[in-house]
Number of protein chains: 2
Amino acid sequence: MPPSPKPPRAAGRAKPRQSDIARAAGVSQATVSLVLRGAATGVVLAPETRRRVLRAAEDLGYVPDPVATRLAAARNGMLGLYTFSTTFPTDVAHSYYPVLVGVEEEAAAQGQDLILFTGASRAADDSGDAAAVRRVRAADGCLFFGRHVPEDPIRRLSEDGFPFVYIGRREEPGISYVGADYVSASAEVAARLAAQGHRRVRYLRENDDAPASTDRERGVVEGARDAGLETAGLVERTDGGDVDARLARWRGEGVTAVITEETDTGAALSGLTAAVARAGLACPGEVSLALLGTATAAPAGAAPALGGEISGFDVPMREMGRAAVRLLLDLIEGEAAPRRHLLACEPVSGATIGPPAPAN
Amino acid sequence: MPPSPKPPRAAGRAKPRQSDIARAAGVSQATVSLVLRGAATGVVLAPETRRRVLRAAEDLGYVPDPVATRLAAARNGMLGLYTFSTTFPTDVAHSYYPVLVGVEEEAAAQGQDLILFTGASRAADDSGDAAAVRRVRAADGCLFFGRHVPEDPIRRLSEDGFPFVYIGRREEPGISYVGADYVSASAEVAARLAAQGHRRVRYLRENDDAPASTDRERGVVEGARDAGLETAGLVERTDGGDVDARLARWRGEGVTAVITEETDTGAALSGLTAAVARAGLACPGEVSLALLGTATAAPAGAAPALGGEISGFDVPMREMGRAAVRLLLDLIEGEAAPRRHLLACEPVSGATIGPPAPAN
DNA sequence: CTGAAAGCGCTTACAG
DNA sequence: CTGAAAGCGCTTACAG
């Protein structure tokens, strides 16, 4: 004998609902709702009625059903968070986390819950993403995060007027985002090196093109030019595997400082620090190093850092998360047209920038 | 002219519903529901109808509303995750994250979405939690995580037969959990110290009582006894601020090794390592150190570790997250009575345990 | 000031 | 095989 099919409700006194209270207090269910929601709608009830309803609610141990409340409110009180990963979650863990913290903080402050949409876990192509991105509509609106993004599904969302905002700058017009001002921050790093006396530096970036990388390169180049650094041969690209040879060559060319960028793979950075360590170079004694972006916590088992914090700037990940939530809510409320925010990055002095060694 | 009062819905055709599909496909809304839920109910529709409905759903980008689905007394394919924090999120960030990764992985593998329920942001008391915990019902079931837990709201959930599982051992009977076997792992650490030749050690734990801490202490005490360590004066409590004086005293008493525990505040551990550093003691040369639990990544700006990984054991956070998801799904399916799992912790040899310095 | 009605978006017997 | 109806528990105009 299978248990009764419908009621998954536990045996015993079922949960009281507004209609139970209404019966007990001799009023209508709608009145109960009005009393319980307080003067949210500005409605004022007769004190006596109020009292009776409140009393009955108390007696019955009434607790509103959150699901029904949300359905009736025409919003589900849930914000989506969709992360595009180039690799599997563990690797991007550290860059993902601070954003999540910010998003969660602000969501909590705004009384919103979060639906964590797991992107196409392992699918490298966009095919799996399309379906995954679609599911995002289950929320009132959605936050997107990740260097790369499947364009088609997103465009569709946009056309349908579904509210969403990117965390990170985007090229596509008409799309809201909250990003970091990489251009200014990167330029400032170049200027800092120049101020220390460097003239010939290299910017080692990754092959991977993403708005964040584009902005950093632009900042470095403009900053270098404005600060009087040499710009010829300034930028080089790597996948992280060939840095030793480059480093040797640079030394021969009289390069005294190297700037690199942080990405979700961390390839350029780890390649560079490893090469410097293998070459036995003192930092900043023999070569100054700077990093564009926040160095993510070293993965367990990684080589210890260069004996101190890397100089560069901090990306305000957490604040970006918070700002994105606020913007998304504005969008959901229908109050805002698409908007873009660029947040300033905090310079990090660190321990890896010093004056260049005297020319030999 | 105020905008139309009701629709907070974004301009344009936002979220399509079943009725929209019905209109497009020329069938009733109920038929749409039947088609979309698949043969879940065993109902078979005419292939042609099926096709038309599916097509329209696809065209419109339909996604079921999880809240409505749930209200209509069905499952919505979403699992909740609720975290109780003793302090604000940033501090527990690192202990929280590995669990989240595991939960997310397994949820994705099982085709479930994850709702992150945001707890009462700053409320230290249980009052705010009650309402927050209640919202959890929007999911099919929920995972709870955190050292401390508001008992009343949880009991309520339990009475109502709402499926949930704790991540971490719990005392309350009838509650499912997936925890770590701290007792065995802690005993093993004591045995390891004994095997190195230590006889007089101290266990420095925090004041905060939680099942995890209780279990660790029990393991240390039992392990010490079984391995022939002195047990008199073995356990001391701290809030992390007074370790220098203790350390000096211990040295005077002939203590050669100190065990401490990892918690979400990390107070005992950071107090201890700082004290050892200030005292200029070589580790493990002059004092061996062991940690019960996984050392969370050092917060940015923290003092560098003791020159290597701390000896102790690893808490299988990620695997706990995964196992908890699996158990929760069993519960939701109604297949399991409350169940408890204790996962083994992997010993970490580390670099901070060595033989005691010869007695002077 | 309060009640009756409609509706949030979906599921599920129950009739045709 | 499909449609019409009722209902999940609540909110919100709209009438009295």
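Keep in mind that the numbers below use all heavy atoms, side chains included, and drop hydrogens, waters and symmetry copies. It should be emphasised that the depicted structure is a prediction, and the values quoted were computed from it without experimental measurement. In what follows, chains carry the letters A, B, and so on, assigned in the order in which the sequence lines appear, proteins first and then strands, with residues in each chain numbered from 1.
In this structure, CZ of A/Arg17 is placed 10 Å from C1' of D/dG7, rounded to the nearest angstrom. One atom, CG of A/Asp140, and another, P of C/dC8, lie 15 Å apart when rounded to the nearest Å. Taking atom CG on B/Asp65 and atom C1' on C/dG9, their separation rounds to 6 Å, with Å as the unit. When the P atom of C/dG9 is taken as reference, atom CZ of B/Arg70 falls 19 Å away, rounded to whole Å. At whole-Å resolution of the value, CG in A/Leu71 and C1' in C/dT11 are 12 Å apart.
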What's touching nucleotides 3-5 of chain C from the protein side, N or O pairs under 3.5 Å?
from, atom 1, to, atom 2, distance (Å)
C/dG3, OP2, A/Ser28, N, 3.2
C/dG3, OP2, A/Thr31, OG1, 2.5

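Taking the side chain of B/Pro64 as heavy atoms from C-beta on, and the options C/dC10, C/dG9, D/dT11, the nearest nucleotide is C/dC10. Side chain of A/Gln18, nearest nucleotide from D/dT11, C/dT12, C/dC8: D/dT11. For A/Ser33, counting side-chain heavy atoms from C-beta on, the closest listed nucleotide (D/dT11, D/dG9, C/dT12) is D/dT11.
Secondary-structure annotation of DNA chain D gives the stems C:1-3 with D:14-16, C:5-12 with D:5-12, C:14-16 with D:1-3, with a stem taken as at least 3 successive Watson-Crick or G-U pairs whose two distances both fall under 3.5 Å.
Under the salt bridge (charged side-chain N to carboxylate O under 4.0 Å, His left out) criterion, A/Glu172 pairs with no residue at all, not counting sequence neighbours.
In this structure, B/Phe164 has its ring center closer than 6.0 angstrom to the ring center of B/Phe144.
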